[in-house]
There are 2 protein chains.
Amino acid sequence: MVKPIHLDEQLCFSIYKAQKQFNHFYAQALAPFKLTYPQYITLLSLYEHGTMSVKEVGQTLALDSGTLTPLMKRLEKDGWITRKRSAVDERRVDVSLTAKALSLRDEIYEHVGSCVSAIDLSHDEFEAVKTGVDNVDAKLTAAITQPTR
Amino acid sequence: MVKPIHLDEQLCFSIYKAQKQFNHFYAQALAPFKLTYPQYITLLSLYEHGTMSVKEVGQTLALDSGTLTPLMKRLEKDGWITRKRSAVDERRVDVSLTAKALSLRDEIYEHVGSCVSAIDLSHDEFEAVKTGVDNVDAKLTAAITQPTR
DNA sequence: ATCAATATTATTGTACACGATTATTTTGCT
DNA sequence: AGCAAAATAATCGTGTACAATAATATTGAT
């Protein structure tokens, strides 16, 4: 007497698909800048907080060095950021935005903003979904750290 | 006069993080079976629909052969599925569940079900979030195929 | 001051994801 | 029948993710 699991009734699957659609959406929106979505949110975090260590960027994005180190190297190669060992603490690598990144900031904001507003989603629904998803994320975090019973 | 973009106010970022948490959650839940989340949903689809071609599986999961071919080979190596060229249409590769997969089905359903119920989420909120996310997914799909204006 | 514990980044290995291309087979048009 | 167009998988290249490990630097307790 086991209840069958139907894929289309799974919240995880809805979120899995929506995340892929967002990726696709941002791939189009960011194409003029030749940025991927993870690269874009890395820049967003740096625009917001200024120069940070790799660790600190990782905390804002929930990513570790295994993901960020190669991603940062690509951003550096494409002239968006610079990476420099901290003189104060030689373990740290400080990541800073280049003049190019700073000068293109408003253009990115404007272009992405116009693409996003093309999604026909009311402010209220946006907020409702975001609150709900954030809550699910929190519940998952609690369920993961906690033993399952 | 460009409005700044704050990462934590972005719905895409909430969904991005929630998807990663689900991945983490299922990695724990599926550890006894040595399955990843994408492998798990592939089995779910096969449990639901029976033998299908790679193309058909791809349609149920929104994945293409570039992802599925190597994933299927791993599932085959681990004894979950068999792959066979269709006799009727030599272009197709039919994917079928093995006796192992069929015999473990209820065990997987039960174990995953108990893990999921450990997430403290009311039925109503579950439905509300899922409906909202599905709607966002649909709006994104419309925004992508449609030109941005 | 010493040295074990800790912190930070980089590296390695495995597994997706997906666009683009290739190889093979089937279908549809004449 | 003959052949261009379409369909299906596989392959290749690039870019995440993340666990585990390694390498180096810092801190803290004695």
Side-chain angles (χ1 to χ4, degrees), chain A residues 12-13 15-28 30-31 34-43 52-59 61-78 80-81 83-95 144, chain B residues 12-13 15-28 30-31 34-43 52-59 61-78 80-81 83-95 144:
Chain A
C12 54
F13 188 53
I15 290 182
Y16 171 77
K17 283 187 296 184
Q19 195 275 333
K20 290 199 300 175
Q21 279 298 68
F22 261 123
N23 238 322
H24 190 175
F25 176 83
Y26 274 96
Q28 267 195 198
L30 296 168
K34 302 201 180 183
L35 288 169
T36 66
Y37 180 71
Q39 291 167 3
Y40 163 70
I41 58 175
T42 302
L43 291 184
M52 284 186 290
S53 68
V54 173
K55 172 80 170 185
E56 286 164 337
V57 174
Q59 283 166 344
L61 304 180
L63 292 172
D64 72 359
S65 69
T67 301
L68 285 177
T69 296
L71 186 153
M72 298 282 201
K73 285 182 179 174
R74 284 185 281 270
L75 282 178
E76 186 179 40
K77 182 172 67 64
D78 295 341
W80 295 99
I81 63 167
R83 294 155 69 241
K84 205 168 78 71
R85 283 278 162 195
S86 164
V88 184
D89 183 340
E90 294 270 350
R91 290 170 303 182
R92 295 162 50 102
V93 168
D94 287 331
V95 183
I144 289 169
Chain B
C12 54
F13 188 53
I15 290 183
Y16 172 77
K17 284 187 296 184
Q19 195 275 331
K20 290 200 299 174
Q21 280 298 67
F22 262 123
N23 238 322
H24 190 175
F25 175 83
Y26 274 96
Q28 268 195 198
L30 295 169
K34 302 201 181 182
L35 288 169
T36 66
Y37 179 72
Q39 290 167 3
Y40 163 72
I41 58 175
T42 302
L43 291 184
M52 283 187 291
S53 69
V54 172
K55 172 80 170 186
E56 286 164 338
V57 173
Q59 283 167 345
L61 304 180
L63 292 173
D64 73 359
S65 69
T67 301
L68 285 178
T69 296
L71 186 153
M72 297 282 200
K73 286 182 179 174
R74 284 184 281 270
L75 282 178
E76 185 179 39
K77 182 171 69 63
D78 295 341
W80 294 99
I81 61 167
R83 294 154 70 242
K84 205 169 78 69
R85 283 279 162 194
S86 163
V88 184
D89 183 340
E90 294 271 351
R91 290 169 306 183
R92 295 163 50 104
V93 168
D94 287 331
V95 182
I144 289 169

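These numbers come from a predicted model, not from an experiment. Every chain is numbered from 1, with letters handed out A, B, ... down the list of sequences.
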Please state how far atom CG in Leu35(B) lies from atom C1' in dA15(C), giving the value in whole angstrom units. 13 Å
Side chain of Arg92(B), heavy atoms from C-beta onward: which of dT8(C), dG15(D), dA9(D) has the nearest atom to it? dA9(D)
What's the closest nucleotide to the Leu71(B) side chain, out of dA9(D), dT26(D), dC16(C)? dC16(C)
Kindly say whether, by distance alone, the side chain of Thr69(B) makes a donor-acceptor pair under 3.5 Å with the base of dA9(D)? no
Using ring centroids (six-membered ring only for Trp), state whether Tyr16(B) and Phe22(A) fall under 6.0 Å. no
d(NZ, Lys34(A); C1', dT16(D)) in whole Å: 19 Å
Nearest-angstrom distance from the residue atom NZ of Lys17(B) to C1' of dC18(D): 18 Å
Nearest to the Gln39(B) side chain among dT16(D), dG19(C), dA15(C), which nucleotide is it? dA15(C)
When you check the gap from the basic side-chain N to the acidic O, do Glu90(A) and Arg85(A) get nearer than 4.0 Å? no
Within the side chain of Gln28(A), is there an N or O that forms a donor-acceptor pair under 3.5 Å with the backbone of Phe25(A)? no
The side chain of Lys20(B) is closest to which nucleotide in this list: dT25(C), dA10(C), dA17(D)? dA17(D)
Would you say dA9(D) has OP1 or OP2 under 4.0 Å from some side-chain N or O of Lys55(B)? no
Rounded to the Å, how far apart are Asp64(B) CG and dT21(C) P? 14 Å
Among dT8(C), dC16(C), dT16(D), the nucleotide that comes nearest once only the side chain of Arg91(A) is considered: dT8(C)
Val54(A) side-chain proximity, nearest of dA6(D), dC16(C), dA10(C): dA10(C)
If you only use heavy atoms from C-beta on, which nucleotide in dT11(C), dC16(C), dT11(D) is closest to the side chain of Thr36(B)? dC16(C)
How many Å lie between CG on Leu63(A) and C1' on dG15(D), as a whole number? 13 Å
Side chain of Ser53(B) only, heavy atoms from C-beta on: which candidate in dA9(D), dT9(C), dA10(D) is closest? dA9(D)
Considering only dA17(D), dA15(C), dA9(D), which nucleotide approaches the side chain of Val93(B) most closely? dA9(D)
Whole-Å distance between dT8(D) C1' and Arg83(B) CZ? 13 Å
I need the minimum non-hydrogen distance between Asp94(A) and Ser86(A), along with the two atoms involved. OD2-CB, 3.5 Å
Considering every strand and a 4.0 Å limit on heavy-atom distances, what is the contact class for Leu68(A): base, sugar-phosphate, or nothing? nothing
Separation of Gln39(A) CD from Lys34(A) NZ (nearest 0.5 Å): 12.0 Å
Under 4.0 angstrom between Lys77(B) side-chain N/O and dT14(C) OP1 or OP2: no
Starting from C1' on dC16(C), measure out to CZ on Phe22(B) and report it in whole angstrom. 18 Å
Looking across every strand, which nucleic acid part, if any, lies under 4.0 Å from Val88(A) by heavy atom: base, sugar-phosphate, or nothing? sugar-phosphate
Counting only side-chain heavy atoms from C-beta out, which of dA10(D), dA17(D), dT26(C) sits nearest to Thr67(A)? dA17(D)
Sorted by position of nearest nucleotide on DNA chain C, 5' first, the leading residue of Asp94(A) and Tyr16(A) is Asp94(A)
Would you say dT16(D) has OP1 or OP2 under 4.0 Å from some side-chain N or O of Arg74(A)? yes
Rounded distance (Å) that lies between atom C1' of dG15(D) and atom CD1 of Ile41(A): 13 Å
Both Gly66(B) and Asp89(A) contact DNA chain D. Taking the nearest nucleotide for each, which residue is further toward the 5' end? Gly66(B)
Applying the side-chain contact (heavy atoms from CB on, under 4.5 Å) criterion to Val57(A), which one of Ile41(A), Leu71(A), Leu68(A), Ile81(A) satisfies it? Leu68(A)
